[in-house]
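Order of listing sets the numbers, starting from 1, for every ligand and every atom in it. Since the model is a prediction, treat every value here as computed from it, not as a measurement. Residue numbers run from 1 in the order of the sequence given.
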Amino acid sequence: MTGGALAELHDRARELLDPVHYDYFAGGAGEETALAENERAFQRLALLPRVLRGQSRPATPVQLPGARASTPILVAPTAFHRLAHPDGELATARAAAAAGTVLVSGMAATVAIGEVAGAAREVDRNAAVWFQLYLQPDAKITECLVRRAEDAGCSALVVTVDSPVFGRHGRDHRHGFHDLPPGFAAENMRDLPGSPGVRDIEMCQEISWRYVEALRRMTGLPVLLKGILHPEDAKIAVDGGMAGLVVSNHGGRQLDVAPAAIDALPRVAEAVGGRIPVLVDGGIRRGSDVAIALALGATAVGVGRPVLWGLAAAGEAGVRQVLETLRDEYEHVRTLCGGVLAGDQVVSRC
Ligand SMILES: Cc1cc2nc3c(=O)[nH]c(=O)nc-3n(C[C@H](O)[C@H](O)[C@H](O)COP(=O)(O)O)c2cc1C
Ligand SMILES: O=C(O)C(=O)c1ccccc1
């Protein structure tokens, strides 16, 4: 459940969306424990403000791989935006560019990456768009997707590594929702080598670090790994030349017994030791969640479902409202905290 200032947009989205599509966006894996924990974990945390620090006005830009964002609040990759709004990923891209932040556009987008990146650049010619992908068992397919992202002008790749198999989403199963309705397609998967039409996205449990290394050699783009929770995996990623990590349990849509992303962040940040940026997503619903994540060592955060609610409620303007609200709240909280956010300011409410 979305609390705070974004609750109304969530309610509006729920009213407007087909209930099957609403449940696809809202739902999680298994008993939805990881999904609920992502939000609950933030409620268990509080921030100790520092005082009398003679602050300057808050400016909160962040340097990220291939992007300088004006806020540390990114759009996380989510699938099938045209199910939320007819403009789909084009609207999301325009809103992210207007907010001066990075859109991570998904491999499972319903608009092709070239058009998505083009829409962002029409708003701001320096807009940064990253491309999220799942490594495919056939390296030729992965390589073709990488070239499409490069040709589109994407400035980084985000490889999602928490999905050796598809998550089991009970709500989708109960609705019999397994495929996009007619008229919608995962447009990045169209006309790939050896497959006429739209190819299925494959999850493959044989994918290993060797595939990541092959990808790194395939492209000059920075590569981030998304879905890291274990500190040892974070160390392997740093040693393997990754440009960044996203601590994430995939919004509670993969391993249901996974911890909340924010609870996994401190150990990952410690293992990385500042060598590369560490991002986190899952359960970010208000500005104070952003502040807590940054205090615990994140460089930036990703926002998934709230962006979908904004998109469903009001298209581009709705996504802009989500990003602007989170930014405004975050800057306010940061100022009240004395303009600093460090690990020693985070305390438990329990
Ligand atoms: C409907 C939906 C689709 C998603 N699709 C993808 C995807 O294609 N690739 C991916 O890496 N993550 C995907 N995610 C996970 C998000 O990138 C992100 O990890 C998650 O939504 C963050 O949690 P939040 O929704 O609580 O903000 C999806 C999430 C949702 C809700
Ligand atoms: O729904 C998801 O969470 C997701 O990651 C996904 C993966 C492939 C196709 C569509 C969505």
Side-chain angles (χ1 to χ4, degrees), residues 1-3 6 10 13 17 20-29 32 34-42 73-84 88-89 92 102-110 113 130-136 145 157-169 171-172 177-180 184-189 198-204 224-229 245-255 258 260-262 264 279-286 289-290 293 301-312 322-323 326:
M1 195 56 51
T2 315
L6 301 180
H10 186 174
L17 283 166
V20 174
H21 300 160
Y22 173 79
D23 271 349
Y24 168 69
F25 291 140
E32 300 192 340
L35 170 65
E37 272 296 295
N38 275 349
E39 292 189 19
R40 219 179 283 139
F42 282 107
I73 303 162
L74 280 57
V75 177
T78 52
F80 306 158
H81 289 195
R82 287 190 57 225
L83 291 185
E89 287 81 2
T92 318
V102 179
L103 166 69
V104 188
S105 195
M107 173 175 178
T110 42
I113 186 62
W130 293 353
F131 183 70
Q132 174 271 329
L133 72 159
Y134 294 97
L135 293 168
Q136 296 299 282
L145 290 163
L157 299 174
V158 177
V159 179
T160 302
V161 294
D162 58 15
S163 306
V165 290
F166 283 98
R168 293 182 179 165
H169 302 165
R171 300 195 208 193
D172 295 345
F177 179 73
H178 303 299
D179 283 311
L180 279 168
F184 298 87
E187 293 295 338
N188 294 312
M189 303 304 289
V198 179
R199 193 184 165 99
D200 283 340
I201 293 171
E202 285 186 64
M203 304 293 181
C204 175
L224 296 89
L225 298 187
K226 173 173 180 284
I228 296 288
L229 291 170
L245 300 179
V246 185
V247 175
S248 171
N249 65 19
H250 207 114
R253 294 164 76 83
Q254 288 296 122
L255 178 70
I262 196 66
L279 284 62
V280 65
D281 73 27
I284 302 280
R285 302 291 178 264
R286 53 186 71 72
D289 301 338
V290 181
V301 304
V303 181
R305 292 181 184 82
V307 165
L308 294 168
W309 307 147
L311 182 63
V322 168
L323 296 173
L326 288 173

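Look at Met107 and you'll find every heavy atom at least 4.0 Å from all atoms of ligand 2.
Residue Ile73 forms a side-chain contact (heavy atoms from CB on, under 4.5 Å) with just one option from Val102, Val322, Val303, and that option is Val303. Of the listed residues (Val301, Val104, Val246, Val247), just one forms a side-chain contact (heavy atoms from CB on, under 4.5 Å) with Leu279, and that residue is Val246.
You'll find the side chain of Val161 reaches within 4.5 Å of the side chain of Ile228, heavy atoms only. Looking at Leu133 and Leu157, their side chains come closer than 4.5 Å, going by heavy atoms from C-beta outward. The closest side-chain heavy-atom distance from Glu32 to Arg171 is below 4.5 Å. Within the 4.5 Å cutoff, side-chain heavy atoms of Leu6 are placed close to those of Leu326.
Only the side chain of Arg253 comes within contact range of ligand 1, with a heavy atom under 4.0 Å; no backbone atom does. Contacts between Gln132 and ligand 1, counted as non-hydrogen atom pairs separated by less than 4.0 Å, involve the side chain only. If you look at Lys226 next to ligand 1, the close heavy atoms, those under 4.0 Å, all belong to the side chain. If you look at Arg285 next to ligand 1, the close heavy atoms, those under 4.0 Å, all belong to the side chain.
Between Phe25 and Trp309, the two ring planes are perpendicular [angle over 60°; tilted spans 30° to 60°].
When each atom of ligand 1 is checked for a heavy atom of Tyr134 under 4.0 Å away, the hits are 7 (C), 8 (O), 9 (N), 10 (C), 11 (O). Within the listing of ligand 2, atoms 7 (C), 8 (C) sit less than 4.0 angstrom from a heavy atom of Met203. Within ligand 1, counting atoms from 1 as listed, the ones closer than 4.0 Å to a heavy atom of Gly251 are 19 (O), 20 (C), 22 (C), 23 (O). Proximity to Ala76 (heavy-atom distance under 4.0 Å) selects the following atoms of ligand 1: 17 (O). Taking a cut-off of under 4.0 Å to the non-hydrogen atoms of Thr160, the atoms of ligand 1 that pass are 10 (C), 11 (O). Every atom of ligand 2 is numbered from 1 in the order shown, and the set under 4.0 Å from a heavy atom of Phe80 is 10 (C). Using a 4.0 Å cut-off to heavy atoms of Ser248, the atoms of ligand 1 that qualify are 19 (O). Annotation for ligand 2: atoms under 4.0 Å from non-hydrogen atoms of Ala79 are 10 (C), 11 (C).
Checked against a 3.5 angstrom limit, the closest N/O atoms of Ala108 and ligand 1 fall outside it. Considering backbone and side-chain N/O atoms, Tyr134 comes within less than 3.5 Å of an N/O atom of ligand 2.
Here the CG atom belonging to Leu311 is positioned 4.5 Å from the OG1 atom belonging to Thr92, to the nearest 0.5 angstrom. Taken to the nearest 0.5 Å, the CZ atom of Arg168 stands 15.5 Å off from the CZ atom of Arg253.
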**Asked** Could you walk me through whether His81 and Leu308 pass the side-chain contact (heavy atoms from CB on, under 4.5 Å) check?
**Response** CA-CA 7 Å; His81 289 195; Leu308 294 168; 3.7 Å; yes

**Request:** Quick one: do Gln136 and Met107 satisfy side-chain contact (heavy atoms from CB on, under 4.5 Å)? Show the steps, please.
**Result:** CA-CA 11 Å; Gln136 296 299 282; Met107 173 175 178; 3.5 Å; yes

**Request:** Determine, step by step, whether Leu180 and Leu83 satisfy the side-chain contact (heavy atoms from CB on, under 4.5 Å) criterion, reporting the C-alpha distance in whole Å, the side-chain angles of both residues, the deciding distance to 0.1 Å, and the verdict.
**Result:** CA-CA 9 Å; Leu180 279 168; Leu83 291 185; 3.9 Å; yes

**Request:** Check the pair Trp130 / Leu74 against side-chain contact (heavy atoms from CB on, under 4.5 Å), numbers first and verdict last.
**Result:** CA-CA 10 Å; Trp130 293 353; Leu74 280 57; 3.9 Å; yes

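Here the protein heavy atom with the shortest distance to atom 9 (C) of ligand 2 is Ala108 CB, 3.7 Å. Looking from atom 11 (C) of ligand 2 to the surrounding protein, the closest heavy atom is Tyr24 OH, 3.3 Å. Protein heavy atom at the shortest distance from atom 18 (C) of ligand 1 is Asp281 OD2, 3.4 Å. For atom 23 (O) of ligand 1, the nearest protein heavy atom (residue, atom name, distance) is Gly282 CA, 3.3 Å. For atom 31 (C) of ligand 1, the nearest protein heavy atom (residue, atom name, distance) is Phe25 O, 3.4 Å. What sits closest to atom 3 (O) of ligand 2 on the protein, heavy atoms only, is Arg253 NE, 2.8 Å. Summary of contacts: the protein heavy atom closest to atom 6 (C) of ligand 1 is Pro77 O, 3.3 Å. In this structure, atom 5 (N) of ligand 1 lies nearest to the protein heavy atom Ala79 N, 3.3 Å. Here the protein heavy atom with the shortest distance to atom 27 (O) of ligand 1 is Gly304 N, 2.9 Å.
When all heavy atoms of Ala34 and Gly252 are compared, the closest pair comes out as CB-CA, 3.8 Å. Here the shortest heavy-atom pairing between Thr110 and Glu187 reads O-CG, 3.3 Å.
For atom 4 (C) of ligand 1, the nearest non-hydrogen atom from the set Thr78, Leu35, Asp289, Asn38 belongs to Thr78.
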